[in-house]
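A short worksheet on the structure shown next.
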There are 2 protein chains.
Amino acid sequence: MGIPREIAVPRIMSEAERIFGRHGFAGASMVEIARASQLPKANVHYYFGTKEALYRAVLENTLSGWLADARHWLSPHRTASEGLRGYIAAKLAFSRDHADASKLFAHEILRGGEHVHTYLTTTLRMHVDLIGETLAIWAGRGEIRAVDPPYFMFSIWAMTQFYADMNPQITAVLNGEVDFDRATGTILGLLLHGESPERLDATSK
Amino acid sequence: MGIPREIAVPRIMSEAERIFGRHGFAGASMVEIARASQLPKANVHYYFGTKEALYRAVLENTLSGWLADARHWLSPHRTASEGLRGYIAAKLAFSRDHADASKLFAHEILRGGEHVHTYLTTTLRMHVDLIGETLAIWAGRGEIRAVDPPYFMFSIWAMTQFYADMNPQITAVLNGEVDFDRATGTILGLLLHGESPERLDATSK
DNA sequence: GTCTATACGCTGATAGAC
DNA sequence: GTCTATCAGCGTATAGAC
């Protein structure tokens with residue numbers, strides 16, 4: 001009798017991601033994770049050892065696949081307009097559908113990011129370098145202005161992840177749920193045209 | 001004998017802002033705050049009652065003055081270019097000089113923002129409405145394109161606060177400290193020109 | 001008004017039964 | 001392999017000395 005490992009472990013991982021994402025490492029408790037997983041709390045310790053080991057497992061699981069959208073869209077084979085549109089849409093969809101994963105990452109960085117330091121200095125840094133090449137190619141083709149790749153990416157990450165991490169602020173200001181089409185439109189408007197109407201003036205006058 | 005209230009209370013507030021900002025509400029401990037304030041932990045409880053009361057006091061203290069920069073720069077008396085430049089510079093300076101205050105706010109929102117719900121639905125919402133009028137005036141003058149005010153503000157807040165809240169990620173990717181001039185340049189580039197070079201093409205061809 | 005000593009609940013972790 | 005019962009330590013809060 002009893003719930004077998006194959007069922008228990010993924011269930012714990014899923015609930016842990018949700019609870020760690022909502023409350024952070026310190027704010028989450030093992031009893032809460034166990035209760036949400038419908039398991040005795042000792043089982044969670046049996047499968048993962050310590051709270052921190054569970055946290056690391058959940059975090060690694062979250063990071064894998066974190067960069068897939070960028071690789072898919074920010075490629076020289078696409079036009080800048082097409083690539084940026086696709087990437088922003090994908091990042092915003094992630095913020096909408098996996099808000100807890102985004103919050104988990106935000107909590108970890110706010111705490112200092114010790115557990116993801118290696119990931120940030122190796123995988124993510126190389127990732128940004130690679131995207132920088134694409135951005136340089138797009139600029140060379142005249143599809144975008146020349147940009148500072150890391151700072152450009154910081155802006156995109158900030159704007160898109162904001163909709164997952166700061167959701168309570170957004171719904172409070174809007175007095176209702178976020179309209180992701182408007183969010184997409186605003187971000188793309190900034191990336192593709194800026195807020196200066198000078199181009200329109202130049203063509204209409 | 002002993003440290004008087006006039007010295008102790010502001011010192012506790014200051015250290016509490018730093019520690020709550022770094023670790024969040026759950027991650028911070030009263031002993032840590034007391035030790036950082038060089039006071040017996042009982043004194044902190046004597047002056048503020050409970051941990052949550054101290055937290056609320058620190059949070060309110062942080063929120064006052066949070067919106068002053070916007071009122072100063074996002075005004076119809078300025079040009080859009082001048083106003084946006086000043087506002088972005090001010091917000092980035094705040095992220096650099098008061099990172100702990102920014103992180104405190106981020107932690108609070110990540111946790112659901114219960115303690116700032118009234119502030120968000122009254123003060124901040126009215127604030128955005130007011131800015132919306134300025135943005136509409138700027139658009140009417142042809143200084144910016146028409147924008148969706150709240151979503152436009154979300155983008156600005158996201159991009160500027162990112163440099164305070166996600167600092168570990170930034171330094172890891174850059175392999176060094178952030179260059180605030182480049183950050184300013186990137187954000188202003190997006191706001192004022194976008195990344196599309198079409199305007200330049202239109203004028204040079 | 002300021003500080004020392006202490007109570008007590010909650011949490012992470014484990015020993016050992018089934 | 002799964003789960004029940006229990007422990008040890010930390011963290012908030014307070015009673016009471018100075």
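These figures come from a predicted structure and were not determined experimentally. By convention in this document, chain letters (A, B, ...) are assigned in the order of the sequence lines, proteins followed by strands, and residues within each chain are numbered from 1. Computed over heavy atoms, backbone and side chain alike; hydrogens, waters and symmetry mates excluded.
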- [ ] Could you check how far OH of A/Tyr47 sits from P of C/dT14, rounded to whole Å?
- [x] 17 Å
TODO: Give a yes/no on whether any side-chain N or O of B/Asn43 is located under 4.0 angstrom from OP1 or OP2 of C/dC3.
DONE: yes
Task: side chain to side chain donor-acceptor pair (under 3.5 Å) involving A/Trp157 - partner list, sequence neighbours excluded - done: A/Tyr87
Task: Length of the line joining A/Phe48:CZ and C/dG12:P, which is rounded to integer Å - done: 15 Å
TODO: Figure out the CD1/P separation between A/Ile33 and C/dA13, and round it to whole Å.
DONE: 11 Å
Task: With B/Ser29 via side chain to side chain donor-acceptor pair (under 3.5 Å) - residues at least two apart - done: none
- [ ] Give the B/S/- string for nucleotides 7-18 of chain D, one per nucleotide from 5' to 3', where a protein heavy atom under 4.0 Å of the base yields B, of only the sugar-phosphate yields S, and otherwise -.
- [x] -----BBB----
TODO: Calculate the interatomic distance between A/Ile3 atom CD1 and D/dC3 atom C1'; express it in whole Å.
DONE: 10 Å
Check residues 32-43 of chain A and write down every donor-acceptor pair under 3.5 Å in which the side-chain atom is one partner and the other belongs to a residue at least two apart or another chain.
residue : atom : partner : partner atom : Å
A/Glu32 : OE2  : A/His23 : NE2          : 3.4
A/Ser37 : OG   : A/Ile33 : O            : 2.7

TODO: Applying side chain to side chain contact (heavy atoms under 4.5 Å, CB included), name anything that partners A/Ile137, two or more places apart in sequence or on another chain.
DONE: A/Pro76, A/Arg141
Task: Results of salt bridge (charged side-chain N to carboxylate O under 4.0 Å, His left out) for A/Asp69 - residues two or more places apart only - done: none
Task: Euclidean distance, atom CZ of residue B/Arg35 to atom C1' of C/dT4 [Å, nearest integer] - done: 17 Å
TODO: Apply side-chain hydrogen bond (donor to acceptor under 3.5 Å, both in side chains) to the pair A/Glu177 and A/Thr171, showing each step before the final yes or no.
DONE: CA-CA 5 Å; A/Glu177 280 307 308; A/Thr171 56; 5.2 Å; no
